[in-house]
Amino acid sequence: MKLESVRGMRDILPEEAVLWQRLEGEIRALFALYGYKEIRPPVVEPAELFARGVGEATDIVHKEMYVFPDKKGQMLALRPEATASVVRAYIEHGLYAKGDLAKLYYLGPMFRYEKPQKGRQRQFHQYGVEALGSLDPALDAEVIDLAWHLMERVGLSREGLFLRLNSIGCREDRPAYREALRAHFSARREELCADCQRRLAENPLRILDCKEPQCQEAIAAAPKSLDYLCPSCRAHFEELLSLLGDLGLAYTLDPRLVRGIDYYTRTVFELCSRELGAQDALLGGGRYDDLVEVLGGPPTPGVGFAGGMERLVLVLSQRQPLDAAAPDLDAYVVPIGAEARRKALELLAQLRRRGVAADLDYLGRSLRKAMSVAARRARYALLLGPDELAQGRLTLKDLRTGQSSSLFLGEFLANPRAFLA
RNA sequence: GGGAGCGUAGCUCAGCCUGGCAGAGCACCGCGCUGUGGACGCGGGGGUCGCGGGUUCAAGUCCCGUCGCUCCUCCCA
């Protein structure tokens with residue numbers, strides 16, 4: 001039997017990994033710029049954490065979570081998202097007792113058992129931030145500013161993106177809104193699709209998300225969560241909109257935006273790309289003011305977002321195809337003859353100790369072939385043959401211009417950087 | 001979970017409809033050029049045609065199953 005990677009879990013090969021490294025670097029740098037510190041929770045957690053945190057009834061937990069017993073029968077889960085883990089760690093280590101906001105970020109693999117397709121894998125990677133401990137709408141605005149800033153930083157223009165924004169209110173507002181939706185849709189039950197008739201009983205909020213044409217009219221006429229906000233939630237949302245205006249950040253109010261995780265309260269948002277297909281959400285997030293308490297900590301509000309690495313890589317690489325031929329070395333050493341090769345190994349070791357990225361041929365290729373590899377991988381070739389050995393020199397060839405020059409080995413090694421501009 | 005399309009060389013794909021020697025381009029290796037890459041020419045290596053079963057004198061081609069990928073639905077990152 002041929003061994004292959006598990007369905008929905010793919011290899012990121014060196015060519016693509018270059019882009020991943022660049023993105024991860026920019027993400028870390030930007031998060032640090034906003035005062036977020038990295039946290040690395042485990043990939044495996046008690047299954048119950050997600051059942052309680054994300055919500056037993058959500059698709060993510062109910063249908064898509066990898067759950068398995070360990071050798072003692074404890075039910076574990078591969079994390080389907082990281083917010084619940086971060087909050088668990090926040091409570092477990094008493095981070096709320098440090099007397100300040102906890103601003104945390106993470107980067108890593110998540111797992112959901114779904115049908116794989118473009119922009120959706122079973123093992124995928126998310127980056128995200130969580131700010132725990134303040135209800136200030138300025139923090140919502142900061143998180144959204146960070147999201148926009150990150151997109152700009154990695155090279156995505158504002159024109160190709162749009163931010164969907166909504167407020168779904170706090171837990172006091174929810175029952176009244178749910179009833180209003182139920183009343184509205186019950187009256188028009190006949191025009192709803194089969195799925196939505198079922199949702200009517202289970203969770204009428206979900207109907208807003210439906211894309212069936214036959215449901216659109218009823219959805220358009222549905223009561224909006226914004227009309228059911230309590231005075232404090234309304235004030236919070238209005239302040240957020242005003243702050244976004246000050247920061248010049250575009251948004252589209254979307255009364256249909258509900259999101260698929262139970263812990264959200266008040267602000268919810270998604271940043272989407274116009275250049276992707278069905279899976280167009282690059283990142284999504286919002287407030288979760290009850291989550292810390294639900295997971296056993298002191299009442300603590302929180303806000304954050306999570307973005308998908310794969311989707312970012314997808315958008316970026318479809319605008320700018322990956323360059324497989326990009327040189328990865330400063331210099332390629334090309335020895336001629338057995339004696340020169342011994343000397344070349346020594347030269348190579350010294351170059352690397354001086355911070356010069358260098359390599360040589362280990363496949364016994366011909367000089368011609370070695371030069372061709374050199375041209376592909378490095379800007380400079382360092383030739384070392386009997387002639388050079390006799391004089392204590394080496395030949396430096398600039399592979400871009402084709403110009404060669406002869407240098408004394410000692411002089412070159414004293415400061416190789418000076419010759420490898 | 002439901003629907004559609006596609007799996008042939010490392011990569012991109014042709015061949016399948018209408019069964020009859022497994023192909024092209026790129027990449028790789030060698031030589032022309034034994035101390036110098038990109039161009040050119042000549043030559044070469046590489047394949048259980050995704051996997052399993054069936055029909056047939058004969059299956060890459062037709063049928064069934066299965067696995068994988070892609071798209072839609074769904075869900076979301």
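Letters go in sequence order (proteins before strands), and every chain restarts at 1. Everything quoted here is computed from the prediction, not taken from an experiment.
Classification of A:Glu26 and A:Arg22 as a salt-bridged pair holds, one side-chain N sitting under 4.0 Å from a carboxylate O. Salt bridge A:Arg10/A:Glu310: absent, no basic N to carboxylate O contact under 4.0 Å.
Side chains of A:Glu56 and A:His62: no donor on one and acceptor on the other come within 3.5 Å. No hydrogens or angles considered: nothing links the side chains of A:Tyr177 and A:Asp227 as a donor-acceptor pair under 3.5 Å. No hydrogens or angles considered: a donor-acceptor pair under 3.5 Å links the side chains of A:Asp140 and A:His236. Between A:Glu293 and A:Thr300, the side chains place no donor N or O within less than 3.5 Å of an acceptor N or O (distance only, hydrogens not considered).
With both ends at atom C1', the span from B:A22 to B:G46 equals 13 Å, rounded to whole Å. Going from the P atom of B:G60 to that of B:C51 covers 11 Å, rounded to whole Å. Separating the C1' atom of B:A24 from that of B:C63 is a span of 30 Å, rounded to the nearest Å. A gap of 23 Å separates the P atoms of B:C11 and B:A39, to the nearest Å. Taking the P atom of each, B:A27 and B:C74 are spaced 44 Å apart, rounded to whole Å. Nucleotides B:G7 and B:G50 have their P atoms positioned 8 Å apart, rounded to a whole Å. Here, B:C71 and B:U55 have their C1' atoms 33 Å apart, quoted to the whole Å. Across the P atoms, B:U61 and B:U56 are found 16 Å apart, a figure rounded to whole Å.
The pairing partner recorded for B:A4 is B:U70, the criterion being a Watson-Crick or G-U wobble arrangement whose two distances lie under 3.5 angstrom. In this structure B:U48 sits in no base pair that meets the Watson-Crick or G-U test at under 3.5 Å. With a cut-off of 3.5 Å on both Watson-Crick or G-U wobble distances, the partner of B:G25 is given as B:C11. Here B:G19 sits opposite no nucleotide as a Watson-Crick or G-U wobble pair (both hydrogen-bonding atom distances under 3.5 Å). Pairing of B:U56, defined by two Watson-Crick or G-U wobble distances under 3.5 Å, is not identified with any nucleotide.
With sequence neighbours excluded, the residues that form a side chain to side chain contact (heavy atoms under 4.5 Å, CB included) with A:Arg174 are A:Ile168, A:Arg178, A:Leu205, A:Thr265.
A:Arg122 forms a cation-pi arrangement with A:Tyr113, by the criterion of a distance under 6.0 Å to the ring centre and an angle within 45° of the ring axis. Cation-pi geometry between A:Arg393 and A:Phe408 is met: under 6.0 angstrom from the ring centre, within 45 degrees of the axis.
With rounding to whole Å, A:Leu363 atom CG is found 9 Å from B:C29 atom P. Between the P atom of B:U70 and the CG atom of A:Leu314 lies a distance of 10 Å, rounded to the nearest Å.
Under the 30°/60° scheme for interplanar angles, the aromatic rings of A:Phe305 and A:Phe31 are found to stand perpendicular.
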**Complete:** 5' to 3', nucleotides 31-39 of chain B under a 4.0 Å protein heavy-atom cut-off (B base, S sugar-phosphate only, - none) gives BBB-BBBB-
**Prompt:** Tell me, for nucleotides 71-77 of chain B in 5' to 3' order, what letter each nucleotide earns: B for a base near a protein heavy atom under 4.0 Å, S for only sugar-phosphate near one, - for neither?
**Reply:** SSBBBBB
